[in-house]
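These notes concern the structure reproduced below.
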Protein chains: 2
Amino acid sequence: MTNTTPKKPSRIQTRNRRLILDAALDVFSRDGYGGATLDAIAKGAGLSKPNVLYYFEGKTEIYVTLLSQLLETWLDPLVELDPDGDPVEELLGYVRHKLDMSLELPAESKLFAGEILKGAPRISKYLRHDLKPLFDRKCHVIQDWIDSGRLAPVDPAHLIFSIWATTQHYADFGAQVAVLLDADDPSAGAHAHLEQLFRSLLVPPLPKD
Amino acid sequence: MTNTTPKKPSRIQTRNRRLILDAALDVFSRDGYGGATLDAIAKGAGLSKPNVLYYFEGKTEIYVTLLSQLLETWLDPLVELDPDGDPVEELLGYVRHKLDMSLELPAESKLFAGEILKGAPRISKYLRHDLKPLFDRKCHVIQDWIDSGRLAPVDPAHLIFSIWATTQHYADFGAQVAVLLDADDPSAGAHAHLEQLFRSLLVPPLPKD
DNA sequence: TCGTTGCTTTACCAATTGGTAAAAATTTTA
DNA sequence: TAAAATTTTTACCAATTGGTAAAGCAACGA
(Lines give C-alpha, C1' and ligand atoms only; values in the text may rest on other atoms or scores of the structure.)
Protein backbone atom coordinates (compact mmCIF):
# COMPACT_ATOMS: atom_id res chain seq x y z
CA MET A 1 0.00 0.00 0.00
CA THR A 2 2.28 2.75 -1.23
CA ASN A 3 1.29 6.19 -0.11
CA THR A 4 1.26 8.92 -2.74
CA THR A 5 1.43 11.76 -0.22
CA PRO A 6 4.93 11.11 1.08
CA LYS A 7 4.70 10.99 4.88
CA LYS A 8 3.95 13.96 7.02
CA PRO A 9 6.44 16.85 7.11
CA SER A 10 8.92 16.99 9.96
CA ARG A 11 9.17 19.95 12.30
CA ILE A 12 12.22 21.22 10.42
CA GLN A 13 10.43 20.90 7.12
CA THR A 14 7.47 22.85 8.35
CA ARG A 15 9.65 25.57 9.78
CA ASN A 16 11.95 25.93 6.79
CA ARG A 17 9.20 25.85 4.19
CA ARG A 18 7.53 28.59 6.17
CA LEU A 19 10.76 30.61 6.32
CA ILE A 20 11.22 30.24 2.60
CA LEU A 21 7.66 31.22 1.74
CA ASP A 22 7.82 34.25 4.02
CA ALA A 23 11.04 35.42 2.43
CA ALA A 24 9.69 34.66 -1.03
CA LEU A 25 6.65 36.82 -0.40
CA ASP A 26 8.89 39.78 0.30
CA VAL A 27 11.13 39.21 -2.69
CA PHE A 28 8.47 38.33 -5.24
CA SER A 29 6.19 41.20 -4.24
CA ARG A 30 9.08 43.64 -4.39
CA ASP A 31 10.84 42.46 -7.55
CA GLY A 32 8.19 40.51 -9.43
CA TYR A 33 8.65 36.95 -10.62
CA GLY A 34 11.20 37.84 -13.25
CA GLY A 35 13.19 40.13 -11.03
CA ALA A 36 13.26 37.85 -8.01
CA THR A 37 16.27 35.61 -7.46
CA LEU A 38 16.70 32.42 -5.52
CA ASP A 39 19.70 33.97 -3.83
CA ALA A 40 17.58 36.81 -2.48
CA ILE A 41 14.96 34.37 -1.24
CA ALA A 42 17.58 32.14 0.35
CA LYS A 43 19.24 35.07 2.03
CA GLY A 44 15.91 36.32 3.32
CA ALA A 45 15.13 32.91 4.72
CA GLY A 46 18.58 32.54 6.26
CA LEU A 47 19.33 29.43 4.24
CA SER A 48 21.71 28.51 1.46
CA LYS A 49 20.39 28.39 -2.07
CA PRO A 50 20.80 24.62 -2.47
CA ASN A 51 19.09 24.21 0.85
CA VAL A 52 16.13 26.18 -0.44
CA LEU A 53 16.06 23.89 -3.45
CA TYR A 54 15.96 20.94 -1.10
CA TYR A 55 12.53 22.07 0.03
CA PHE A 56 11.15 23.31 -3.27
CA GLU A 57 11.76 21.99 -6.74
CA GLY A 58 12.51 25.41 -8.14
CA LYS A 59 11.72 29.06 -8.27
CA THR A 60 8.42 28.45 -10.00
CA GLU A 61 7.20 25.98 -7.38
CA ILE A 62 7.87 28.48 -4.61
CA TYR A 63 5.99 31.12 -6.51
CA VAL A 64 2.99 28.99 -7.33
CA THR A 65 2.79 27.56 -3.82
CA LEU A 66 2.80 31.05 -2.43
CA LEU A 67 0.10 32.28 -4.78
CA SER A 68 -2.25 29.37 -4.39
CA GLN A 69 -2.01 29.52 -0.60
CA LEU A 70 -2.59 33.22 -0.80
CA LEU A 71 -5.65 32.93 -2.98
CA GLU A 72 -7.47 31.07 -0.23
CA THR A 73 -6.88 33.74 2.40
CA TRP A 74 -7.70 36.39 -0.10
CA LEU A 75 -11.04 34.95 -1.09
CA ASP A 76 -12.15 34.20 2.42
CA PRO A 77 -14.03 37.49 3.01
CA LEU A 78 -16.00 36.94 -0.18
CA VAL A 79 -16.96 33.46 0.98
CA GLU A 80 -18.38 34.97 4.13
CA LEU A 81 -20.83 37.18 2.25
CA ASP A 82 -24.04 35.97 3.82
CA PRO A 83 -27.16 35.63 1.66
CA ASP A 84 -29.31 35.88 4.78
CA GLY A 85 -27.81 39.10 6.08
CA ASP A 86 -28.83 42.64 5.25
CA PRO A 87 -27.65 43.22 1.67
CA VAL A 88 -26.24 46.72 2.03
CA GLU A 89 -24.56 45.95 5.34
CA GLU A 90 -23.16 42.66 4.08
CA LEU A 91 -21.58 44.36 1.09
CA LEU A 92 -20.30 47.32 3.08
CA GLY A 93 -18.85 44.87 5.57
CA TYR A 94 -17.11 43.14 2.71
CA VAL A 95 -15.69 46.47 1.52
CA ARG A 96 -14.41 47.20 5.02
CA HIS A 97 -12.88 43.77 5.42
CA LYS A 98 -11.24 43.91 2.00
CA LEU A 99 -9.84 47.37 2.66
CA ASP A 100 -8.42 46.28 6.00
CA MET A 101 -6.71 43.36 4.34
CA SER A 102 -5.18 45.62 1.73
CA LEU A 103 -3.92 48.04 4.34
CA GLU A 104 -2.54 45.32 6.58
CA LEU A 105 -1.20 42.87 4.00
CA PRO A 106 0.02 45.01 1.11
CA ALA A 107 2.71 42.55 0.09
CA GLU A 108 0.16 39.81 -0.43
CA SER A 109 -2.05 42.10 -2.45
CA LYS A 110 0.86 43.22 -4.57
CA LEU A 111 2.04 39.69 -5.23
CA PHE A 112 -1.37 38.77 -6.52
CA ALA A 113 -1.70 41.98 -8.50
CA GLY A 114 1.66 41.44 -10.15
CA GLU A 115 0.65 38.00 -11.32
CA ILE A 116 -2.66 39.17 -12.76
CA LEU A 117 -0.95 42.13 -14.35
CA LYS A 118 1.25 39.78 -16.36
CA GLY A 119 -1.77 37.86 -17.58
CA ALA A 120 -1.92 35.34 -14.72
CA PRO A 121 0.21 32.84 -16.67
CA ARG A 122 0.88 30.71 -13.63
CA ILE A 123 -2.43 30.81 -11.77
CA SER A 124 -5.08 31.02 -14.47
CA LYS A 125 -6.20 27.51 -13.60
CA TYR A 126 -6.68 28.50 -9.97
CA LEU A 127 -8.74 31.44 -11.13
CA ARG A 128 -10.91 29.17 -13.22
CA HIS A 129 -11.30 26.38 -10.68
CA ASP A 130 -11.53 28.29 -7.41
CA LEU A 131 -12.32 31.91 -8.04
CA LYS A 132 -14.77 31.66 -10.93
CA PRO A 133 -17.33 29.36 -9.23
CA LEU A 134 -17.24 31.43 -6.06
CA PHE A 135 -17.60 34.60 -8.08
CA ASP A 136 -20.60 33.25 -9.96
CA ARG A 137 -22.23 32.10 -6.73
CA LYS A 138 -21.85 35.50 -5.12
CA CYS A 139 -23.07 37.30 -8.23
CA HIS A 140 -26.17 35.20 -7.95
CA VAL A 141 -26.61 36.14 -4.29
CA ILE A 142 -26.34 39.81 -5.17
CA GLN A 143 -28.79 39.42 -8.03
CA ASP A 144 -31.27 37.81 -5.66
CA TRP A 145 -30.91 40.74 -3.29
CA ILE A 146 -31.65 43.09 -6.15
CA ASP A 147 -34.62 41.05 -7.32
CA SER A 148 -36.08 41.18 -3.84
CA GLY A 149 -35.78 44.97 -3.86
CA ARG A 150 -33.35 45.16 -0.97
CA LEU A 151 -30.49 46.47 -3.09
CA ALA A 152 -30.29 49.05 -5.84
CA PRO A 153 -30.14 47.46 -9.27
CA VAL A 154 -26.45 47.15 -10.11
CA ASP A 155 -24.41 44.79 -12.24
CA PRO A 156 -23.18 42.28 -9.63
CA ALA A 157 -20.00 41.37 -11.49
CA HIS A 158 -18.93 44.94 -12.05
CA LEU A 159 -19.86 45.81 -8.49
CA ILE A 160 -17.42 43.19 -7.23
CA PHE A 161 -14.77 44.49 -9.63
CA SER A 162 -15.28 47.98 -8.23
CA ILE A 163 -14.92 46.76 -4.69
CA TRP A 164 -11.76 44.87 -5.50
CA ALA A 165 -10.32 47.75 -7.48
CA THR A 166 -10.97 50.48 -4.94
CA THR A 167 -9.84 48.51 -1.89
CA GLN A 168 -6.73 46.98 -3.41
CA HIS A 169 -5.73 50.33 -4.82
CA TYR A 170 -4.44 51.35 -1.39
CA ALA A 171 -2.08 48.39 -1.35
CA ASP A 172 -1.11 47.99 -4.99
CA PHE A 173 -0.73 51.70 -5.68
CA GLY A 174 0.40 52.51 -2.17
CA ALA A 175 3.54 54.19 -3.45
CA GLN A 176 1.47 56.61 -5.50
CA VAL A 177 -1.03 57.21 -2.73
CA ALA A 178 1.82 58.01 -0.38
CA VAL A 179 3.23 60.62 -2.74
CA LEU A 180 -0.12 62.27 -3.40
CA LEU A 181 -1.65 62.21 0.04
CA ASP A 182 -0.30 64.72 2.52
CA ALA A 183 -1.70 62.79 5.46
CA ASP A 184 0.60 59.87 6.11
CA ASP A 185 -2.16 57.41 6.94
CA PRO A 186 -4.80 57.00 4.23
CA SER A 187 -6.79 54.40 6.13
CA ALA A 188 -9.33 56.65 7.87
CA GLY A 189 -10.07 58.66 4.75
CA ALA A 190 -10.22 55.55 2.63
CA HIS A 191 -12.70 53.83 4.92
CA ALA A 192 -14.98 56.84 5.04
CA HIS A 193 -14.83 57.43 1.32
CA LEU A 194 -15.51 53.84 0.26
CA GLU A 195 -18.35 53.61 2.76
CA GLN A 196 -19.90 56.69 1.17
CA LEU A 197 -19.18 55.53 -2.38
CA PHE A 198 -20.77 52.13 -2.05
CA ARG A 199 -23.57 53.10 0.26
CA SER A 200 -24.81 55.76 -2.14
CA LEU A 201 -24.69 53.18 -4.90
CA LEU A 202 -26.29 50.28 -3.09
CA VAL A 203 -29.09 51.70 -0.97
CA PRO A 204 -32.28 50.82 -2.84
CA PRO A 205 -34.29 53.75 -4.22
CA LEU A 206 -37.50 52.86 -2.39
CA PRO A 207 -38.20 51.42 1.06
CA LYS A 208 -38.72 47.67 1.21
CA ASP A 209 -42.39 48.04 0.41
CA MET B 1 28.27 78.55 -27.83
CA THR B 2 28.23 74.82 -27.21
CA ASN B 3 24.82 73.25 -27.43
CA THR B 4 23.84 70.91 -24.62
CA THR B 5 21.08 69.24 -26.62
CA PRO B 6 23.26 67.52 -29.19
CA LYS B 7 21.84 68.40 -32.64
CA LYS B 8 18.49 67.28 -33.81
CA PRO B 9 17.85 63.57 -34.38
CA SER B 10 18.13 62.16 -37.88
CA ARG B 11 15.27 60.38 -39.59
CA ILE B 12 16.86 57.03 -38.79
CA GLN B 13 17.25 57.97 -35.15
CA THR B 14 13.65 59.04 -34.86
CA ARG B 15 12.40 55.86 -36.50
CA ASN B 16 14.60 53.46 -34.57
CA ARG B 17 14.03 55.05 -31.21
CA ARG B 18 10.31 54.75 -31.90
CA LEU B 19 10.71 51.10 -32.92
CA ILE B 20 12.64 50.38 -29.75
CA LEU B 21 10.17 52.14 -27.46
CA ASP B 22 7.23 50.36 -29.09
CA ALA B 23 8.88 46.98 -28.65
CA ALA B 24 9.93 47.89 -25.12
CA LEU B 25 6.35 48.73 -24.18
CA ASP B 26 5.29 45.22 -25.16
CA VAL B 27 8.13 43.51 -23.39
CA PHE B 28 8.17 45.57 -20.21
CA SER B 29 4.41 45.44 -19.77
CA ARG B 30 4.40 41.68 -20.31
CA ASP B 31 7.47 40.69 -18.29
CA GLY B 32 8.02 43.58 -15.92
CA TYR B 33 11.28 45.45 -15.62
CA GLY B 34 13.14 42.56 -14.03
CA GLY B 35 11.82 39.95 -16.41
CA ALA B 36 12.37 41.95 -19.56
CA THR B 37 15.53 41.41 -21.57
CA LEU B 38 17.33 43.59 -24.05
CA ASP B 39 17.36 40.67 -26.46
CA ALA B 40 13.57 40.51 -26.42
CA ILE B 41 13.29 44.23 -26.98
CA ALA B 42 15.85 44.14 -29.78
CA LYS B 43 14.07 41.25 -31.43
CA GLY B 44 10.74 43.03 -31.15
CA ALA B 45 12.20 46.13 -32.72
CA GLY B 46 13.91 44.14 -35.46
CA LEU B 47 17.35 45.35 -34.42
CA SER B 48 20.43 43.77 -32.94
CA LYS B 49 21.09 44.20 -29.24
CA PRO B 50 24.19 46.37 -29.67
CA ASN B 51 22.25 48.45 -32.13
CA VAL B 52 19.59 49.05 -29.52
CA LEU B 53 22.32 50.13 -27.14
CA TYR B 54 23.51 52.57 -29.74
CA TYR B 55 20.26 54.47 -29.31
CA PHE B 56 19.78 54.09 -25.57
CA GLU B 57 22.39 53.96 -22.87
CA GLY B 58 20.92 50.90 -21.28
CA LYS B 59 17.89 48.97 -20.25
CA THR B 60 17.03 51.46 -17.55
CA GLU B 61 17.10 54.43 -19.89
CA ILE B 62 14.66 52.75 -22.24
CA TYR B 63 12.37 51.99 -19.36
CA VAL B 64 12.46 55.45 -17.84
CA THR B 65 12.05 57.16 -21.21
CA LEU B 66 9.01 55.02 -21.87
CA LEU B 67 7.45 55.73 -18.51
CA SER B 68 8.03 59.46 -18.47
CA GLN B 69 6.62 59.85 -21.98
CA LEU B 70 3.70 57.70 -20.95
CA LEU B 71 2.95 59.72 -17.86
CA GLU B 72 2.17 62.77 -20.00
CA THR B 73 -0.39 60.99 -22.15
CA TRP B 74 -1.83 59.35 -19.12
CA LEU B 75 -2.38 62.54 -17.18
CA ASP B 76 -3.81 64.46 -20.10
CA PRO B 77 -7.49 63.69 -19.36
CA LEU B 78 -7.04 64.92 -15.81
CA VAL B 79 -5.54 68.16 -17.09
CA GLU B 80 -8.66 68.69 -19.16
CA LEU B 81 -10.95 68.63 -16.14
CA ASP B 82 -12.58 72.03 -16.57
CA PRO B 83 -13.34 74.13 -13.47
CA ASP B 84 -15.97 76.03 -15.47
CA GLY B 85 -17.88 72.99 -16.65
CA ASP B 86 -20.71 71.20 -14.91
CA PRO B 87 -19.09 69.37 -11.99
CA VAL B 88 -20.90 66.04 -12.26
CA GLU B 89 -20.61 65.91 -16.04
CA GLU B 90 -16.96 66.94 -15.98
CA LEU B 91 -16.12 64.13 -13.57
CA LEU B 92 -18.25 61.55 -15.36
CA GLY B 93 -16.60 62.58 -18.60
CA TYR B 94 -13.25 62.04 -16.95
CA VAL B 95 -14.35 58.57 -15.85
CA ARG B 96 -15.45 57.74 -19.38
CA HIS B 97 -12.25 59.04 -20.90
CA LYS B 98 -10.09 57.18 -18.41
CA LEU B 99 -12.00 53.95 -18.94
CA ASP B 100 -11.66 54.23 -22.70
CA MET B 101 -7.94 54.70 -22.33
CA SER B 102 -7.67 51.63 -20.15
CA LEU B 103 -9.66 49.54 -22.59
CA GLU B 104 -7.75 50.77 -25.61
CA LEU B 105 -4.25 51.02 -24.19
CA PRO B 106 -3.96 48.22 -21.65
CA ALA B 107 -0.23 47.77 -22.17
CA GLU B 108 0.44 51.36 -21.21
CA SER B 109 -1.74 51.05 -18.13
CA LYS B 110 -0.02 47.84 -17.12
CA LEU B 111 3.44 49.26 -17.55
CA PHE B 112 2.60 52.11 -15.26
CA ALA B 113 0.84 49.85 -12.77
CA GLY B 114 3.83 47.52 -12.63
CA GLU B 115 6.15 50.36 -11.78
CA ILE B 116 3.91 51.70 -9.01
CA LEU B 117 3.39 48.20 -7.71
CA LYS B 118 7.11 47.85 -7.11
CA GLY B 119 7.19 51.12 -5.21
CA ALA B 120 7.83 53.42 -8.16
CA PRO B 121 11.61 53.26 -7.63
CA ARG B 122 12.37 54.74 -11.02
CA ILE B 123 9.66 57.35 -11.44
CA SER B 124 8.97 58.63 -7.96
CA LYS B 125 10.53 61.95 -8.90
CA TYR B 126 8.15 62.28 -11.86
CA LEU B 127 5.28 61.55 -9.52
CA ARG B 128 6.44 64.29 -7.19
CA HIS B 129 7.23 66.88 -9.82
CA ASP B 130 4.50 66.32 -12.40
CA LEU B 131 1.68 64.33 -10.89
CA LYS B 132 1.51 65.78 -7.39
CA PRO B 133 1.02 69.46 -8.38
CA LEU B 134 -1.61 68.52 -10.93
CA PHE B 135 -3.33 66.30 -8.41
CA ASP B 136 -3.40 69.05 -5.81
CA ARG B 137 -4.74 71.52 -8.31
CA LYS B 138 -7.57 69.25 -9.33
CA CYS B 139 -8.41 68.37 -5.75
CA HIS B 140 -8.83 72.07 -5.18
CA VAL B 141 -11.14 72.38 -8.19
CA ILE B 142 -13.28 69.55 -6.87
CA GLN B 143 -13.36 71.08 -3.41
CA ASP B 144 -14.56 74.36 -4.90
CA TRP B 145 -17.33 72.53 -6.67
CA ILE B 146 -18.37 70.97 -3.39
CA ASP B 147 -18.21 74.29 -1.56
CA SER B 148 -20.48 75.85 -4.14
CA GLY B 149 -22.98 73.04 -3.60
CA ARG B 150 -22.81 71.68 -7.11
CA LEU B 151 -21.27 68.40 -6.04
CA ALA B 152 -21.97 66.02 -3.18
CA PRO B 153 -19.44 66.40 -0.37
CA VAL B 154 -16.74 63.81 -1.06
CA ASP B 155 -13.06 63.61 -0.29
CA PRO B 156 -11.51 64.87 -3.56
CA ALA B 157 -8.29 62.88 -3.23
CA HIS B 158 -10.03 59.61 -2.52
CA LEU B 159 -12.54 60.30 -5.26
CA ILE B 160 -9.72 60.53 -7.77
CA PHE B 161 -8.19 57.34 -6.37
CA SER B 162 -11.51 55.59 -6.86
CA ILE B 163 -11.77 56.76 -10.43
CA TRP B 164 -8.26 55.63 -11.22
CA ALA B 165 -8.73 52.32 -9.46
CA THR B 166 -12.02 51.37 -11.06
CA THR B 167 -11.11 52.40 -14.59
CA GLN B 168 -7.61 50.95 -14.64
CA HIS B 169 -8.91 47.73 -13.19
CA TYR B 170 -10.18 46.71 -16.61
CA ALA B 171 -6.69 47.02 -18.03
CA ASP B 172 -4.46 45.97 -15.16
CA PHE B 173 -6.64 43.09 -14.04
CA GLY B 174 -7.90 42.31 -17.53
CA ALA B 175 -6.77 38.71 -17.26
CA GLN B 176 -8.94 38.21 -14.20
CA VAL B 177 -11.88 40.08 -15.67
CA ALA B 178 -11.69 37.89 -18.75
CA VAL B 179 -11.84 34.71 -16.69
CA LEU B 180 -14.72 35.89 -14.54
CA LEU B 181 -16.89 37.60 -17.11
CA ASP B 182 -18.82 35.37 -19.44
CA ALA B 183 -19.35 38.17 -21.91
CA ASP B 184 -16.17 38.60 -23.90
CA ASP B 185 -16.35 42.39 -24.01
CA PRO B 186 -16.54 44.10 -20.63
CA SER B 187 -16.59 47.61 -22.04
CA ALA B 188 -20.34 48.20 -22.28
CA GLY B 189 -21.02 46.83 -18.81
CA ALA B 190 -18.08 48.69 -17.36
CA HIS B 191 -19.16 52.02 -18.78
CA ALA B 192 -22.71 51.64 -17.53
CA HIS B 193 -21.63 50.50 -14.10
CA LEU B 194 -19.07 53.22 -13.51
CA GLU B 195 -21.51 55.85 -14.73
CA GLN B 196 -24.00 54.60 -12.18
CA LEU B 197 -21.43 54.26 -9.42
CA PHE B 198 -20.04 57.77 -9.69
CA ARG B 199 -23.25 59.50 -10.58
CA SER B 200 -24.95 58.18 -7.47
CA LEU B 201 -22.00 59.36 -5.44
CA LEU B 202 -21.56 62.78 -6.98
CA VAL B 203 -25.01 64.18 -7.59
CA PRO B 204 -25.54 66.75 -4.85
CA PRO B 205 -28.29 65.97 -2.32
CA LEU B 206 -30.22 69.16 -2.88
CA PRO B 207 -30.90 71.29 -5.94
CA LYS B 208 -28.66 74.28 -6.43
CA ASP B 209 -30.81 76.45 -4.23
C1' DT C 1 26.95 1.65 18.39
C1' DC C 2 25.87 1.29 14.03
C1' DG C 3 23.31 2.17 9.95
C1' DT C 4 19.61 4.52 7.90
C1' DT C 5 17.44 8.61 6.97
C1' DG C 6 17.04 13.46 6.66
C1' DC C 7 19.27 17.96 6.39
C1' DT C 8 23.07 21.18 4.99
C1' DT C 9 27.15 22.70 2.79
C1' DT C 10 30.76 23.11 -0.68
C1' DA C 11 31.96 23.30 -5.17
C1' DC C 12 30.50 23.65 -9.42
C1' DC C 13 28.15 24.46 -14.21
C1' DA C 14 25.72 25.77 -18.37
C1' DA C 15 22.83 29.36 -19.90
C1' DT C 16 21.51 33.96 -19.92
C1' DT C 17 22.16 38.68 -19.16
C1' DG C 18 23.50 43.62 -19.73
C1' DG C 19 26.96 45.65 -21.85
C1' DT C 20 31.51 46.69 -24.76
C1' DA C 21 35.19 47.09 -28.48
C1' DA C 22 36.02 47.69 -32.76
C1' DA C 23 35.61 46.65 -37.43
C1' DA C 24 32.45 46.92 -41.33
C1' DA C 25 28.85 48.94 -43.85
C1' DT C 26 26.11 52.71 -44.91
C1' DT C 27 24.68 57.38 -45.35
C1' DT C 28 25.63 62.16 -45.50
C1' DT C 29 28.35 66.02 -46.56
C1' DA C 30 31.69 68.75 -48.88
C1' DT D 1 33.66 61.11 -55.66
C1' DA D 2 36.17 61.18 -51.48
C1' DA D 3 36.16 62.15 -46.78
C1' DA D 4 33.50 62.39 -42.67
C1' DA D 5 29.97 61.05 -39.88
C1' DT D 6 26.60 57.86 -38.71
C1' DT D 7 24.69 53.32 -38.30
C1' DT D 8 25.07 48.27 -37.93
C1' DT D 9 27.28 43.98 -37.24
C1' DT D 10 30.49 40.63 -35.34
C1' DA D 11 32.76 38.87 -31.68
C1' DC D 12 33.21 38.97 -27.20
C1' DC D 13 33.02 39.31 -21.83
C1' DA D 14 32.22 39.48 -16.86
C1' DA D 15 28.56 38.84 -13.79
C1' DT D 16 24.50 36.66 -12.50
C1' DT D 17 21.23 33.13 -12.62
C1' DG D 18 18.67 28.74 -11.79
C1' DG D 19 20.03 24.51 -10.80
C1' DT D 20 23.04 20.05 -9.73
C1' DA D 21 26.38 16.54 -7.68
C1' DA D 22 28.13 14.84 -4.03
C1' DA D 23 30.21 14.89 0.20
C1' DG D 24 29.56 16.04 5.11
C1' DC D 25 26.83 16.40 9.12
C1' DA D 26 23.06 15.49 12.36
C1' DA D 27 19.26 12.82 14.27
C1' DC D 28 17.20 8.79 15.46
C1' DG D 29 15.57 4.06 15.78
C1' DA D 30 17.15 -0.82 16.46
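Below, read A as the first sequence line, B as the second, and so on, with proteins coming before strands; counting in each chain starts at 1. Owing to the predicted nature of the structure, the values given are computational and were not obtained by experimental measurement.
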Worksheet item: What are the residues of residues 48-57 of chain A, sorted by number, that bring a heavy atom to within less than 4.0 Å of DNA chain D?
Response: Lys49(A), Pro50(A), Leu53(A)

Worksheet entry | Short side-chain N/O contact to dT7(D) OP1/OP2 from Gln13(B), under 4.0 Å | yes

Discussion item. Can you list everything that forms a side-chain hydrogen bond (donor to acceptor under 3.5 Å, both in side chains) with Gln69(B)? Sequence neighbours excluded, please.
Written reply: none

Worksheet item: Can you name the residues that form a ring pair (Phe, Tyr, Trp, His ring centres under 6.0 Å) with Tyr126(B), not counting sequence neighbours?
Response: none

Response to the item:
When rounded to whole Å, the CD1 to P distance for the pair Ile12(B) and dA5(D) reads 17 Å

Worksheet item: Does a salt bridge link Asp172(A) with Lys118(B), judged by any charged N lying under 4.0 Å from a carboxylate O?
Response: no

Practice prompt. Please work out which residues in residues 27-47 of chain B have a non-hydrogen atom less than 4.0 Å from an atom of DNA chain D and list them by number.
Written response: none

Item to complete: Sequence neighbours left out, what passes side-chain hydrogen bond (donor to acceptor under 3.5 Å, both in side chains) with Asp76(A)? Give chain and number order.
Response: none

Worksheet entry | Set of ring pair (Phe, Tyr, Trp, His ring centres under 6.0 Å) partners for Phe173(B), sequence neighbours left out | His169(B)

Fill in: Atom-to-atom span, OH of Tyr63(A) to C1' of dG18(D) - whole angstrom
17 Å

Practice prompt. Taking salt bridge (charged side-chain N to carboxylate O under 4.0 Å, His left out) as the test, write out the residues that go with Arg96(A), two or more places apart.
Written response: Glu195(A)

Fill in: Interatomic distance, Leu19(A) CG vs dC7(C) P [rounded to whole Å]
14 Å

Response to the item:
To the nearest angstrom, the CZ-P distance between Arg17(A) and dG6(C) comes to 15 Å

Worksheet entry | side-chain hydrogen bond (donor to acceptor under 3.5 Å, both in side chains) partners of Lys43(B), counting only residues at least two apart | none

Worksheet item: Does Gln176(A) have any side-chain hydrogen bond (donor to acceptor under 3.5 Å, both in side chains) partners at least two apart in sequence or in another chain, and if so, which?
Response: none

